[in-house]
Amino acid sequence: MSDNTAEERNSKNFLEEIIERDLKEGRHSSVLTRFPPEPNGYLHIGHAKSISVNFGLADKYGGETNLRFDDTNPVTETIEYVESIKHDVNWLGYEWAKELYASDYFEQLFEFAIRLIRKGFAYVDDSTSEEIAAGKGTPTRPGTDSQYRDRDPEESEDLFRRMRAGEFEEETRTLRAKIDMASPNMLMRDPVIYRIKFASHHRTGDEWCIYPTYDMAHGQSDAIEKITHSLCTLEFMSHRELYDWFIDKLELFPSKQYEFARLNMSYTIMSKRRLRELVEKKYVDGWDDPRMPTISGLRRRGFTPEAIRDFCTRIGVAKRDNLIDVSLLEFCAREHLNKISLRRMVVFDPIKLVITNWPEDKFEELESENNPEDETAGSRMIPFGRELYIERADFMEDPPKKFFRLAVGRNVRLKSAFIITCDDFVKDNGGNVTEVHCRYHPESRSGSDNSGIKAKGTLHWVSIPHVHHIEVREYDRLFNVEKPVEEAAKQEGVFTDYVNPDSLNIAPAACAEPALADDFASTEKSGDNLPYFQFMRKGYYYPDKYSTREKPVFNRTVTLRDTWAKMKKK
RNA sequence: UGCCCGGUCGUCUAAGGGUAGGACAGCUGGUUUUGGUCCAGUCAGUGGGGGUUCGAAUCCUCCCCGGGCAACCA
């Protein structure tokens, strides 16, 4: 046990310090957090961070976390999103204490509003949205009082009840908190807290035609649930003053809001609005397109929940803006997938290899381990014969010294099979190599090699008569600049200008060993628990949701680290 | 130009008056029937100026830089 690990264990992030302080000082005796998504889009990796923070912290201190949908705007919210969010949180491996909805509190929030009106802390304003905006002032100029600001509380209450009754058109009246039109905090300049919307709500239907705004609902919901630590992202910082104001004026449970920096990741975007735009304008296949940073996209791509949780732990929590390198996510994926994935051999760009001293009609089944990292994973059999496919890139006519693969006069090991020596090759009229001829060494059989022959490299291969064709989809980053939104602002363009046109490359007929077809047949019922694969020397792959036995489709999650590719670049 | 946050290796994140540490990325080697994994090593940082102090990433101050704030969105 070194000092370093001890140090790591003791280091706390600022939220942990706050919680420990509150516990120690007796402010709270337990911890209750909440994850409060608005059901107006799919969850993304940034939400995973928030989920990890909220559930993780509660868990660390023996507390619980509620899942509360912030569903105060029926215009944009749907049940489809509610379902996807629940699914994603579950899939990530978290269990909420209670499933709640801000809409559960509509009646109570209405009563809160009445209470504010009667205390003189809120008033009905007949101004148009333009007039309200104009009256707000600017960050450097104070606002001006609405002409309705000093309306009698009785009159406001009456109007507010009539708003609820549906007597007024949308946009004609709002309820505003009466705070301070000169506050340096724009949000304190009499914010609108109720608005008229004749919209059906996914839970309350047509019961309401007035809906509370975020500020009227969020903190109050926290207080109703007795949330101890209400953790949100930095952009809500200036809402904190309002959050506290409501709790103070309504004399509610003193929930406290703390803000942390949201996750930003290179070569992607993290805004529901913009992700929706990618979906609607068909830049991608849907919210779960494997290139999307959504949880559903990552799942379809083949990332594991463990990898995503590990990622969220590694990125930490702080208040400074950040841009996490996507390579960290890839590292987390490789680290987990390496331990659990089944190894299979798939040749993407085949070239024929003939074992000249192997009989034409002879085939042998060779055993190969499913996962060298996991003895319990067992093994499978692979047919071997005279004619095989290997990767075109694994043979060179004119190899450099550092090339460890096939070339005339050189040896390589065929994975789980024999060492072969290359004698010759055949070219077509165009000068393309069409066949490679090799001799195998019988005494070099995998597992009982007493040939004494050395081979620098090992190749994957498939027996040509036994090939199963599969479609493989290889993905690259969705955007070709690190920060698409910032870049667009700088160049006075739009973020979609930077969508990477080569983010999807389909290999329609890669050649797979037979075992892969069997693996797939046995998992065709689909779901979230398909097996994770490593195609040897290539990368990690996961069956796509549209994959069938007739037409197997695999998504590349991430490549293997490739130091040879790096050497070639230099 | 107002208010509020923030600034530590390339990227994240620790150190809360006492040796600036870890991870990812990079680079070197070693092992290897995956040029994977694993192992070892290495490169690299406190935005700037003053001040307090025996001692400052840490406290004070001025400056610089970055972000947020003017939706009947959340």
Side-chain angles (χ1 to χ4, degrees), chain A residues 3-5 7-8 10-13 17 36-38 40 70-73 75-77 125 128-129 132-134 136-143 170-171 173-176 183-187 189 191-197 210-211 213-215 217-218 232 234-241 259 261 266 272-273 314-332 334-335 338-339 343 345 368-369 372-373 402-405 412-417 419 444 446-447 449 455-460 534-539 559-567:
Chain A
D3 290 346
N4 290 338
T5 55
E7 225 170 80
E8 276 176 54
N10 291 332
S11 76
K12 290 185 277 267
N13 64 50
E17 286 178 355
E38 183 190 12
N40 68 343
D70 232 331
D71 55 350
T72 58
N73 186 0
V75 178
T76 58
E77 298 157 1
D125 194 325
T128 64
S129 57
I132 291 177
K136 284 262 171 169
T138 71
T140 52
R141 292 270 168 274
E170 283 186 15
E171 304 261 315
R173 283 184 174 79
T174 58
L175 184 69
R176 288 232 260 170
S183 172
N185 182 349
M186 297 291 294
L187 283 159
R189 322 241 266 224
V192 169
I193 59 176
Y194 260 94
R195 69 286 214 207
I196 300 169
K197 279 182 190 289
I210 56 171
Y211 292 93
T213 58
Y214 166 85
D215 291 298
H218 198 98
C232 61
L234 253 28
E235 67 266 29
F236 291 97
M237 201 155 18
S238 49
H239 290 256
R240 189 175 62 228
E241 192 177 357
E259 310 87 12
S266 56
K272 269 194 274 186
R273 201 200 90 220
R314 285 171 181 268
I315 58 177
V317 192
K319 299 187 76 161
R320 56 185 95 92
D321 291 330
N322 60 76
L323 181 67
I324 306 289
D325 196 321
V326 68
S327 68
L328 181 62
L329 213 212
E330 295 176 344
F331 168 83
C332 294
R334 289 191 187 103
E335 182 162 79
N338 176 52
K339 293 197 186 93
R343 313 295 136 123
M345 294 200 282
S368 187
E369 70 275 20
E373 306 290 319
K402 291 278 220 169
F403 188 74
F404 299 158
R405 306 174 187 182
V412 295
R413 157 78 61 185
L414 292 178
K415 173 68 187 172
S416 297
I419 292 176
S444 68
S446 183
D449 183 350
K456 264 280 200 185
T458 301
L459 306 188
H460 62 283
Q534 182 196 103
F535 295 168
M536 296 198 76
R537 303 210 300 138
K538 285 294 186 178
T559 61
L560 255 29
R561 270 188 74 224
D562 190 349
T563 51
W564 172 240
K566 277 179 201 160
M567 283 172 71

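Lettering of chains follows the sequences in order, A, B, ..., and the numbering in each one begins at 1.
A/T563 comes within 4.0 angstrom of the backbone, heavy atoms only, and of no base. Using a 4.0 Å heavy-atom cutoff across all strands shown, A/R343 reaches at least one base atom of the nucleic acid. A/E241 comes within contact range of no nucleotide atom at all, as no heavy-atom separation falls under 4.0 Å. At a threshold of 4.0 angstrom between heavy atoms, the contacts of A/V75 with the nucleic acid are absent. If you check every strand for non-hydrogen atoms under 4.0 Å, A/N13 touches sugar and phosphate atoms only. Residue A/G143 is classed as having no contact, given no heavy-atom separation below 4.0 Å to the nucleic acid.
Residues A/E77 and A/E38 are in side-chain contact: their nearest non-hydrogen atoms beyond the backbone lie under 4.5 Å apart. The shortest side-chain heavy-atom distance between A/I419 and A/D449 falls under the 4.5 Å cut-off. The side-chain heavy atoms of A/R195 and A/N73, taken from C-beta on, include a pair separated by under 4.5 Å.
The nucleotide whose nearest atom lies closest to any side-chain atom of A/T140 is, among B/U37, B/G2, B/A70, B/G2. Of the listed nucleotides (B/U33, B/U8, B/A74), B/U33 has the atom at the smallest distance from the side chain of A/T458. Picking from B/G6, B/A74, B/C72 the nucleotide with the shortest atom distance to the side chain of A/R320 gives B/G6. The side chain of A/Q534 sits closest to B/U34 out of B/A74, B/C73, B/U34. Set against B/G66, B/C12, B/A15, the side chain of A/I324 has B/C12 as its closest nucleotide. Among the nucleotides B/C24, B/C73, B/G66, the one closest to the side chain of A/E38 is B/C73. In the set B/C73, B/U34, B/A14, B/U34 carries the atom at the smallest distance from any side-chain atom of A/R537. Residue A/P139 has its side chain nearest to B/A70 when only B/A70, B/C73, B/U34 are considered. The side chain of A/S327 has B/C24 as its nearest neighbour among B/C3, B/C24, B/C12. Of the candidate nucleotides B/A14, B/U11, B/G36, B/A14 has the atom nearest to the side chain of A/A318.
Separating the CG atom of A/N322 from the P atom of B/U13 is a distance of 5 Å, rounded to the nearest angstrom. Atom CD1 in A/I132 sits roughly 7 Å away from atom C1' in B/C72 (whole-Å rounding).
With hydrogens and angles ignored, no donor-acceptor pair closer than 3.5 Å exists between the side chain of A/E259 and the base of B/G68. A donor-acceptor contact under 3.5 angstrom links the side-chain atoms of A/S446 to the base of B/U33. No N or O donor and acceptor, one from the side chain of A/R334 and one from the base of B/U37, sit under 3.5 Å apart.
B/C59: Watson-Crick or G-U partner is B/G51, with both key distances under 3.5 Å. Partner assigned to B/C69 is B/G2, using Watson-Crick or G-U wobble distances below 3.5 angstrom. The partner of B/C38 is B/G30, judged by Watson-Crick or G-U wobble contacts that both fall below 3.5 Å.
Under the 6.0 Å cut-off for aromatic ring centres, A/H239 and A/Y214 qualify, their centroids lying closer than that.
In terms of position on RNA chain B, the residue among A/D562 and A/I315 whose nearest nucleotide sits closer to the 5' end is A/I315. Mapped onto RNA chain B by nearest heavy atom, A/K319 and A/R405 fall at different nucleotides, with A/K319 at the one closer to the 5' end.
Side-chain atoms of A/S266 come within 3.5 Å of backbone N or O of A/V326 as a donor-acceptor pair.
Remark: A/R195 is in phosphate contact with B/C73, judged by side-chain N or O atoms under 4.0 Å from OP1 or OP2. The phosphate of B/A14 (OP1 or OP2) has no side-chain N or O of A/R314 nearer than 4.0 angstrom. Side-chain nitrogen and oxygen atoms of A/R189 include none within less than 4.0 Å of the OP1 or OP2 phosphate oxygen of B/A70.
Stacking between A/F404 and the base of B/G35 is present: ring centres sit under 5.5 Å apart and the planes differ by under 30 degrees. A stacking contact between A/Y214 and B/A74 is absent: the pair does not combine a ring-centre distance of less than 5.5 Å to the base's six-membered ring with planes differing by less than 30°.
At a cut-off of 3.5 Å, with distance as the only test, no side-chain donor of A/D215 or A/T213 sits close to an acceptor on the other residue.
Results of the side chain to side chain contact (heavy atoms under 4.5 Å, CB included) test with A/L459 over A/M536, A/K415, A/R405 single out A/R405 as the only residue that passes.
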